[in-house]
Amino acid sequence: MLDVKGVKKKHAERFGAEPAVFLAPGRVNLIGEHTDYAGGFVMPAAIDFGTLAAITPRDDGRAVIWSENYQEQVSHQIDGFPKNGGGHWSGYPLGVVKILREAGFAVPPFSLTVQGDVPLGAGLSSSASIEVATALAALHLAKSDPAREQIAKLCQRAENVYVGANVGIMDQFIACAGAENHALLLDCRSLEYRLAPIPNNVSLVIANTMVKHAHAGGEYGIRRSEVEEGTEILRSHRPEIILLRDATTQDLEKWGAEMPDNVLRRCRHIITENLRTVAAADALAAGNMKKLGDLMAAAHASYRDDFEASCEEADIMVEAAQRLPGLIGARLTGGGFGGCTVNLVQADLAVDFARRLHDEYRARTAIDAEIYRSHASAAAHAV
Ligand code: GLA
């Protein structure tokens, strides 16, 4: 649980000054997976889990960061951070501060306390949430207030170049620009977005398969290179295809045969996922929940069969959900290979749905899943 009072108190005890505190949310993605780095569309919502960052300035030239979660402190000269931050929790906040300073924001020496409750490695963007919370805290000390879009880009850059995870812009963007009770349709190339209200008779039920995933390297990176390989082949025929977002199903029909089968299927997932995501935003805006649910089901099938980014447990979780009363739509959310499924559920049936999903999943996998109910929450802010 996030504990604003507790974090303030602990920071004051440890560092001897009353902090300014900022909160950034995690996210769940309703639809649009692995489309962000292809310049396409995503439709996430911010969730109730998040990260708190409490900050005060220091006068000894150092950046000192205490993690409540890890009960561990790191300390570096403000201009002498390690070259990269992969593999340790501190890489995220250090990367953000380093990138902000390189971009010209005068972040002074500081003490920072971070505390988060986003389940780790569960596909709910704990990384973006610590990045964006740190960014707001550091920018507060730097007395700067850049546009949210710029903050999202700088945080993404920190994760790409400092942490070494080649992720897209979705997670940082939704943490910066989400809105209470809304999903956000984002065009990941132009960064234009529109909000679509989630009706209050619809609940978000997030089901953790308890299978962990990691983004630095691994399957995520392999998928990215497969997508790039396919894009290059299409570009050799139609040079205006800069990102896979520019390609159509007709392009794939014409030239897909030149691709290895796995590459063809990765591209087919992304091209069709972009169409589904825009259609899903329209369905949500029109209150057409049946259509939205069907699109989520199709998205899961495509993620499983063409993109091969699901896992047995996630498929079981989605199948089990599809048989329960109250379900509108279910699919694996986030980077894939484990993590959580997102379920849109009729609000009056959500408690029962969550209990039955838990029991059904345990009966089939012997795994005791955590099931969370959330609402779509606000973007990062001072608390
Ligand atoms: C992770 C990345 C995002 C996005 C998703 C897949 O969450 O951080 O940029 O690529 O995977 O949709």
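Note that ligands are numbered from 1 as they come in the structure, with each ligand's atoms numbered from 1 the same way.
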Using a distance-only test with no angle check, is there a side-chain donor-acceptor pair under 3.5 angstrom linking [X] and [Y]?
X    : Y    : value
R58  : S111 : yes
E72  : W89  : yes
T249 : D251 : no

As a quick check of understanding, evaluate side-chain hydrogen bond (donor to acceptor under 3.5 Å, both in side chains) for H237 and E258, giving each step before the final call.
CA-CA 11 Å; H237 297 282; E258 294 174 23; 2.9 Å; yes

Is it the case that over 12 heavy atoms from other parts of the model lie below 6.0 angstrom from the CZ atom of R224?
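Result for CZ/R224: enclosed.
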
Any N/O pair [X]/ligand 1 closer than 3.5 Å:
X    : answer
N29  : no
D171 : yes
Y220 : yes

Using atom types as modelled, flag every donor-acceptor pair under 3.5 Å from a side chain in residues 41-57 to any protein atom, sequence neighbours excluded.
from: D48; atom 1: OD1; to: H375; atom 2: ND1; distance (Å): 2.8
from: D48; atom 1: OD2; to: S374; atom 2: OG; distance (Å): 3.4
from: D48; atom 1: OD2; to: H375; atom 2: N; distance (Å): 3.2
from: D48; atom 1: OD2; to: H375; atom 2: ND1; distance (Å): 3.3
from: T51; atom 1: OG1; to: S129; atom 2: OG; distance (Å): 2.4
from: T56; atom 1: OG1; to: H11; atom 2: NE2; distance (Å): 2.8

Which of the ligand 1 atoms, numbered from 1, are nearer than 4.0 Å to a heavy atom of [X]:
X    : value
M170 : 4 (C), 5 (C), 12 (O)
R27  : 7 (O)
G168 : 9 (O)
V167 : 2 (C), 8 (O), 9 (O)
D36  : 3 (C), 4 (C), 9 (O), 10 (O)

Ligand 1-proximal atoms of E273, by part, heavy-atom distance under 4.0 Å
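It is neither part, as no heavy atom is under 4.0 Å.
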
Linked hydrophobic residues, V345 as query - side chain contacts closer than 4.5 Å
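Same cluster as V345: V205, M210, I316, M317, L324, L327, F353, L357, Y361, I367, I371.
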
